[in-house]
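First comes the structure, then the notes that go with it.
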Amino acid sequence: MSEKQIKVRFAPSPTGYLHVGGARTALFNWLYARKVGGKFVLRIEDTDQERSTEESYQAILRGMEWLGMDWGEGAILQSDRLDIYKEHADKLKETGKLYPCYCTSEEIAGRNAAAGEVDHAGYDGHCRELTADQISAFEAEGREARWRLHTPDEGTTFWYDIVMDKLEFPNEAIVDRVMIKPDGFPTYNFAVVIDDYLMGITHVLRGDDHVSNTPLHLMVYDALGWDRPKFGHMPMILGPDGKRLSKRHGATSVEEFADKGILPDAMVNYLALLGWSAGGSGDGVFMRKELISKFSLKKVNSSPAAFDYTKLEFINSQHLKRLEPADKLLLSEAVCDENGWSFSEAWQISANDRANYLNKIIKVLGGRFSDLNRLPDMLSFFFTEDFKMEQEAVAENLTTETAPLLNKLADKIEADKSDSAEEMEAAIKAVAADLDIKPGVIIHPARVALTGTTRSAGMYDVMCLVGGPRVIDRLRRASK
Ligand code: GLU
């Protein structure tokens, strides 16, 4: 017997940007589909016409594309499927499982208040048993019907949640919610069931904010006589202070992270760690392929996950370090383009164009290539004389004592026409020996003179790539 093909979906409402919580839900679905060779569907739940926007829809698509979560069947829009919801609603109307309700929200709230209920108590079943005459009377008043599900009053509704184990609700706690609005549009609670069933979704994996909707959804499956899919509710994401993650904590939209220099693979890696763990004692750094092979729904945790911005930075730095040279080159070229930095043959260095020069720089940077925000500073002094000089570094290292050392080094490099890293090293050592000082005493101020900072890649390599003539100029300038 062949197993039913596993199919999962991400079903965002286009009412805002793609935030971390939504992206994490999408990712768990995507990883699961990739892991088991199943299908992943993107469905846009836009039946709330007042709150849905085209802008949000586009932002969700951009976010998904940036994260590299490809979906199979094209983004499906619920607003294109109104006929389908109507057809199924009509069936339920015929059997009385959907009934018309003419109450206004004020009337419902008034009755709840009179009965001493809290105002969010919800609907009280007032229109459940309307007669044909009552219906005509309401219609004659010009009232419009919304259609509610006649939910069971006794017993319980339960399911075995993939993440949270058995969840059970008393049926009396589930109110007859609206399935079809007066404008004929289905509500989320109706459309979600129709779509999940008709699209063959086998596992509904979504945020735990939907746990309280699930019993109602199960009642809709039952009303239609449909088999239920499996459900798994992902734990909530908290901010560092233990409260639900929100804008107060910092960036929450996927695109904000992109702007902050986070790589898509790093974001995907970090999102995967929110509520899931591969087990073992690793540092949590995984390439996409590893995530897919290691992912398991069994290891999704039911307790809330805290978003740790520092850990994300760490994961990002590890992904940056591991990038292929060609990808590092692309990122570096983008920085150069933004700053208008080009290659000049006048520098007299052993490179023949910008890409070739950048490749040499990237090699020399090695593991320092770990923070895109610092990349402009790390590249600037290779291209321009207008690089940042850190004040503290200058004050400590470019003094009246170090000035003659730098001059001497400039003279030596000029005299020897030092060019390669080895020749630069030899020049520094020769000057140090001559003055009977340690090479470090010259290297520190030279580094500040050439790069503006006290931390840089290996000094001899940097000198070689900046090139003799520019090194000499900078040393002399700094000594003044
Ligand atoms: N459209 C719902 C939301 O954005 C998700 C529904 C679901 O996954 O079932 O919260």
Side-chain angles (χ1 to χ4, degrees), residues 6-33 38-61 63-64 67 69 71 73 75-82 85 149 157 159 161-164 167 174 177-179 181 185-221 224 226 228-237 244-246 252-254 271 274-275 297 300:
I6 289 177
K7 197 168 177 187
V8 291
R9 79 325 188 256
F10 174 49
S13 304
T15 54
Y17 50 83
L18 180 62
H19 56 86
V20 167
R24 193 274 315 260
T25 298
L27 178 64
F28 282 15
N29 278 284
W30 186 86
L31 284 174
Y32 183 55
K39 286 196 166 157
F40 172 71
V41 179
L42 177 62
R43 184 175 74 222
I44 304 295
E45 303 210 314
D46 61 345
T47 60
D48 186 340
Q49 292 286 292
E50 270 158 37
R51 296 180 58 225
S52 301
T53 67
E54 171 68 20
E55 208 183 320
S56 161
Y57 169 54
Q58 295 301 340
I60 291 168
L61 294 190
M64 293 291 290
L67 289 167
M69 289 193 265
W71 56 91
E73 300 174 16
I76 297 162
L77 290 171
Q78 285 191 325
S79 55
D80 288 340
R81 297 166 58 81
L82 298 178
Y85 310 123
L149 182 74
T157 294
W159 73 96
D161 196 271
I162 296 168
V163 180
M164 305 198 165
L167 292 174
I174 313 298
R177 302 268 289 273
V178 173
M179 298 286 125
K181 294 179 272 189
F185 272 71
T187 57
Y188 154 67
N189 287 309
F190 190 65
V192 72
V193 171
I194 305 301
D195 282 345
D196 283 340
Y197 182 78
L198 295 180
M199 292 175 185
I201 301 300
T202 54
H203 297 66
V204 173
L205 310 173
R206 59 186 172 198
D208 70 354
D209 47 331
H210 287 290
V211 164
S212 61
N213 291 325
T214 302
L216 179 72
H217 297 171
L218 295 178
M219 289 169 178
V220 180
Y221 281 95
L224 287 157
W226 286 348
R228 306 159 164 192
K230 293 193 171 82
F231 288 86
H233 291 88
M234 308 299 146
M236 186 189 313
I237 300 176
R244 188 179 268 276
L245 185 69
S246 76
T252 54
S253 108
V254 164
L271 288 173
L274 291 174
L297 285 178
V300 176

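Indexing begins at 1, ligand by ligand and atom by atom, following the structure's order. Every heavy atom of this structure was used, including side-chain atoms; hydrogens, water molecules and symmetry mates were not. This is a predicted model, so every value here is computed, not measured.
Within the listing of ligand 1, atoms 7 (C), 8 (O), 9 (O) sit less than 4.0 angstrom from a heavy atom of Arg206. Short contacts between ligand 1 and Val192, defined as distances under 4.0 Å to a heavy atom of the residue, involve ligand atoms 9 (O). In the vicinity of Ala11, heavy-atom distances shorter than 4.0 Å reach the ligand 1 atoms 1 (N), 2 (C), 3 (C), 4 (O), 5 (C), 6 (C). Those atoms of ligand 1 that come under 4.0 Å of a heavy atom in Ser13, given as number and element, are 1 (N), 2 (C), 3 (C), 4 (O).
Remark: ligand 1 and Val204 share no N or O pair separated by less than 3.5 Å (distance only, no angle test). On a distance-only criterion, Glu45 and ligand 1 share at least one N/O pair closer than 3.5 Å.
Between Arg43 and Asp196 the shortest side-chain heavy-atom distance falls below 4.5 Å. Considering only heavy atoms from C-beta on, Leu167 stays 4.5 Å or farther from Pro215 through its side chain. Side-chain contact check for His217 versus Asn189: some heavy-atom pair is nearer than 4.5 Å.
Side chain to side chain, Thr214 and Arg206 meet the donor-acceptor criterion of an N or O pair below 3.5 Å.
Atom 8 (O) of ligand 1 has Arg9 NH1, 2.7 Å as its closest protein atom, hydrogens excluded (heavy atom only). In this structure, atom 10 (O) of ligand 1 lies nearest to the protein heavy atom His210 NE2, 2.8 Å.
Between Tyr197 and Trp226, the angle of the ring planes stays under 30°, which puts this pair in the parallel group of the 30/60° scheme. Using the six-membered ring where Trp is involved, Tyr17 and His19 have ring planes that are perpendicular, over 60° apart on the 30 and 60° scheme.
Residues that satisfy the salt bridge (Lys or Arg N to Asp or Glu O under 4.0 Å) test with Arg244, not counting sequence neighbours, are absent from this structure.
Looking at Tyr188 against ligand 1, only its side chain comes within 4.0 Å, counting heavy atoms.
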